[in-house]
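Residue numbers count from 1 along this sequence. Everything numeric in this text was worked out from a predicted model, so none of it was measured. Each ligand, and each atom within it, is numbered from 1 in the order the structure gives.
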Amino acid sequence: MKGGKKMLKYIIEGGNRLEGEVEISGSKNASLPIIASTILNQGKTVLYNVPEIHDTKMMFEILKELGGSVIKKNKKYIIDTSNINRFEISENLMRQMRSSVILAGALIGRYRKAVFSYPGGCDIGARPIDLHLKNFEKLGINISKNYGNIICSCDKINGEKIDLEFPSVGATENIILAACLADGTTVITNAAMEPEIIDLQKILNRMGAKIKGAGTNKIEIQGVNQLKKEVKYNIMPDRIETGTFLCGAAITGGNIIIKNTNPIEISPVISKLEEAGCKIETKKHEIEILAPRKLKCVDIKTMPYPGFPTDMQSIFVATLTIAKGTSIIVENIFENRYKYVQELIKMGAKINIEGKVAAVKGVRKLYGSNVKAEDLRGGAALVVAALASKRKTNIENIEYILRGYENLDKKFNNLGAKIKIVNEGG
Ligand code: EPZ
């Protein structure tokens, strides 16, 4: 991020085994659609366990820009959207955070209108929203485009049968939000099954919605007249943050206990780490990992939930750079999610990319270097690699990482890491 803006970087001194306990924050990817869902509720919504990260702060800013009120009291957010009187999400905000497209479904659901710009691609791919738009039209929403803006409007929303060509998380969430106050029932088949969608269903039903099936590939939304309840909700823990700390322990031969988490939601990562030689014990809200001195190579294929999560691909590849043998990784979800690899190679990793396949040949050691984060999870991968590297690693552009992780440096330092944040900006 240039132009005199803050240029924050991490300086990480690697080589320490991680030991101790860490508490996981609330889920970024559950928080964003849940914050959008408060637009549908005419009553006040109180949210607990919202992670203090850039993306949630941005969502609250957008709610306020639309006329909503957001009051932070101790650790909770009190949200009142009854005075929303604007329905346009500015291009600048959409550019800063493409996941703000999730507000469209809620705005249309409540006010029958929304204007937003194409979120545009980002660091991991084109990120189209064709599945969102084509299914909005199926619900009876008129969509027109001018000068890059998308204008959605309708008199009423008609419940419909919708079959998703791909189990898109965002499209599933946006259709649910738009269909809560529809005339009639909407049934989504081939729906995404991610746990964050179960969290969204839970809070919407507390507001008075009638939704069932989240977590399966068939979700039914029976339209109701209004949502008007005083709702309190505790956001689920972040399963990708959990996976990030598991990998931090794995790459440093560490032994940590992860608290405030849900092991079931990260089970594909747990089984792959066990295959790599880690000993893992789980309780209802806790995971203990004991890593071997040397990890074994494993093969990974990212898939929609409940398969191995694409958000853990880069972080797991970083972990495998010093494993024994060669690991084969296939990224099946996003078309451009290997940008971080060139940075790992600067640190001594041996990785070959052929299309969506990465071959990671384990090396004895990584060496600290000057590297750059280019997206959220790619940046997290560089942090994990730096924890096990000899010498110091400088990671620039850590604003990407701060979008999705709350106090990542402090949490790792409490486990024995040596991470410093430095502001190099003007
Ligand atoms: C959500 O993004 C997550 N973001 C992503 O996490 C996550 O990687 C992704 O789901 C997959 O699990 C949030 O929840 C805020 P998709 P989303 O729609 O909804 C294609 C992170 O690091 N597609 O399931 O955008 C798309 O191009 C972020 O926390 C279409 O073709 O993901 C991609 O290839 C990164 N047309 C695939 O589907 C569409 O209309 C999966 O995308 C929509 C998506």
Of all the atoms in ligand 1, which lie at a distance below 4.0 Å from a heavy atom belonging to [X]?
X    : result
R377 : 21 (C), 22 (O), 29 (O)
I129 : 39 (C), 40 (O)
H132 : 40 (O)

Without hydrogens or angle criteria, can the side chains of [X] and [Y] be said to hold a donor-acceptor pair below 3.5 Å?
X    : Y    : answer
Y405 : R377 : yes
K356 : N332 : yes
S99  : K28  : no
N234 : N49  : no

Look at atom 43 (C) of ligand 1 and say whether a protein heavy atom is found at less than 4.0 angstrom from it.
yes
To the nearest 0.1 Å, how far is [atom] from its closest protein heavy atom, and which atom is that?
atom                    : value
atom 6 (O) of ligand 1  : D311 OD2, 2.9 Å
atom 25 (O) of ligand 1 : R127 NH2, 3.0 Å
atom 11 (C) of ligand 1 : T310 CG2, 3.9 Å
atom 18 (O) of ligand 1 : S168 OG, 2.7 Å
atom 32 (O) of ligand 1 : F334 CZ, 4.0 Å
atom 36 (N) of ligand 1 : D130 OD1, 2.7 Å

Filtering S27, G307, G170, P128 for the heavy atom nearest atom 27 (O) of ligand 1 leaves P128
Within less than 4.0 angstrom of ligand 1, does R337 place any heavy atom?
yes
Does R98 reach ligand 1, in the sense of a heavy atom lying below 4.0 Å from it?
yes
Should the pair E137-K134 be classified as a salt bridge under the 4.0 Å nitrogen-to-oxygen rule?
no
Counting only heavy atoms, which portion of [X] has something under 4.0 Å from ligand 1: side chain, backbone, both, or neither?
X    : value
V169 : both
E196 : neither
L376 : side chain
L131 : both
F166 : side chain
I102 : neither

Does [X], backbone or side chain, put an N or O under 3.5 Å from an N or O of ligand 1?
X    : answer
I333 : yes
E335 : no
N29  : yes
E173 : no

Look at the side chain of E265 and the backbone N and O of S267, then say whether any donor-acceptor pair between them is shorter than 3.5 Å.
no
Taking all non-hydrogen atoms of both residues, which atom of [X] and which atom of [Y] are closest, and how far apart?
X    : Y    : answer
N142 : C154 : ND2-CA, 4.0 Å
A381 : S314 : CB-O, 3.3 Å
Y305 : E194 : N-OE2, 3.1 Å

Which label fits Y338 and Y340: parallel for a plane angle under 30°, tilted from 30 to 60°, or perpendicular past 60°?
tilted
Pairs where residues 42-69 contributes a residue and the test ring pair (Phe, Tyr, Trp, His ring centres under 6.0 Å) is met, not counting sequence neighbours:
F60-Y77
Taking atom CD of Q42 and atom OG1 of T81, what is their separation to the nearest 0.5 Å?
8.0 Å
Between CD1 of I266 and OG1 of T261, what distance do you get to the nearest 0.5 Å?
7.5 Å
Greater than 12 external heavy atoms within 6.0 Å of I264's CD1
no
